[in-house]
Amino acid sequence: MVADAFQTVLTTSLYAAVVGLVIILLKAVLKNRLNAQWHYLIWIVLILKLIMPFGPASAVSLFNIMPNITPPDSMMVDTYQAPAPIETPPVTAGTSIEIQPAPVVAPVEQITPNIEEVLPWIWILGMSLMLFWLVLTCYSLNRKLSRGCREADERTAAIFESCKSKMGIGSSLTLVVQEVVRTPSLFGILRPRILLTPEAASLSDNDIRYVLLHEMTHYRRKDVLVNYLLILLQVIHWFNPVIWYCFKRVREDMEAATDQYVLSVLDS
């Protein structure tokens, strides 16, 4: 069962890598013809390919020119050979022949690791290590934030409420000042919080407004959920460097699309 799952993931990862490279090439060709929003949305094709690897068949498809991927033959070799028949001399009258029983040769199996059996468990081990590290990191960050957060000053809080009104965001989103994360960030799903650093207090009103609008745009577009989905797919396909590079580009385009949206809601 593990081998079948790994074979499916391996096939999906290869096809998705091809899709990712095609998207990168397409983005390079249409660089100045697409805005930041479309550069970000085009990655949906890659994500859908990773989530639903086996879509409906189509006569016009890039993968029609690719060979089918089948698992390699087993590397286990049976070296047992049946013993050759023993020739006996012809029997003549008056001759007694003592027939010795043929020696019994036990089959000898070659002790060679079967790559079909080893690779799926290496894949499981890699996923387990990554998941353990992610859970540990998230737990540690939550503990540090629970002890090191404080409310923003009155000026920053007033700007925050003004930005929430401008973006049409309710009371579920909160603002805290902390020293754990060194850049302004949006953190959490059930209790979303915008994290500011103490240095933000020295910024101008407009600079604070730009920072808050940027993080609120991430909140409205559900980019935190998208990022968690990318992390999950990255854990599953941890062995594929093309997927890692594509997801790096997805996050860059996510930031650019967010900035473009912020510019569209500003007065100037």
**Prompt:** Hey, are the side chains of Arg251 and Tyr40 touching, using non-hydrogen atoms and a 4.5 Å cut-off?
**Reply:** no

**Prompt:** Tell me, do Phe160 and Ile208 make a side-chain contact under 4.5 Å, heavy atoms counted?
**Reply:** no

**Request:** Establish whether Met254 and Ile51 are linked, either directly or via other cluster members, by ILVMFWY side-chain heavy-atom contacts under 4.5 Å.
**Result:** yes

**Asked** Is the backbone N or O of Ile243 less than 3.5 Å from a side-chain atom of His237, with the two atoms forming a donor-acceptor pair by type?
**Response** no

**Message:** If you define the side chain from C-beta out and look only at heavy atoms, does anything of Tyr261 sit under 4.5 Å from Leu213?
**Reply:** no

**Request:** Can you spot which of Glu215, Arg221, Arg220, His214 makes a side chain to side chain donor-acceptor pair (under 3.5 Å) with His218?
**Result:** His214

**Message:** Can you confirm whether Arg191 is buried at CZ, in the sense that more than 12 heavy atoms of other residues, nucleotides or ligands lie under 6.0 Å from that atom?
**Reply:** no

**Prompt:** Going by heavy atoms in the side chains, are Arg249 and Trp43 under 4.5 Å from each other?
**Reply:** yes

**Message:** Can you confirm whether the side chains of Ser172 and Tyr219 place a donor and an acceptor under 3.5 Å from each other?
**Reply:** yes

**Item:** Spacing of Ser204 atom OG and Arg155 atom CZ [to the nearest 0.5 Å]
**Value:** 7.5 Å

**Message:** Is it the case that the side chain of Ser202 and the backbone of Ala200 share a donor-acceptor pair, with hydrogens and angles ignored and the cut-off at 3.5 Å?
**Reply:** no

**Prompt:** Are the side chains of Ile236 and Met127 in touch, meaning some heavy atoms are under 4.5 Å apart?
**Reply:** yes

**Prompt:** Do you know which two heavy atoms are closest between Gln260 and Ala36, and how far apart they sit?
**Reply:** NE2-N, 3.6 Å

**Request:** May I have the step-by-step check of side chain to side chain contact (heavy atoms under 4.5 Å, CB included) for Tyr245 and Ile24, ending in yes or no?
**Result:** CA-CA 10 Å; Tyr245 176 73; Ile24 291 174; 3.5 Å; yes

**Message:** For a 4.5 angstrom cut-off between non-hydrogen side-chain atoms, does Lys49 reach Thr12?
**Reply:** no

**Asked** Excluding sequence neighbours, so at least two apart, what forms salt bridge (charged side-chain N to carboxylate O under 4.0 Å, His left out) with Glu252?
**Response** Lys248

**Prompt:** Looking at side-chain heavy atoms only, is the closest gap between Leu195 and Arg193 below 4.5 Å?
**Reply:** yes

**Prompt:** Would you call Glu199 and Arg182 a salt bridge, using N to O less than 4.0 angstrom?
**Reply:** yes

**Request:** Please check if atom CZ in Arg150 has more than 12 non-hydrogen atoms from other residues, nucleotides or ligands closer than 6.0 Å.
**Result:** yes

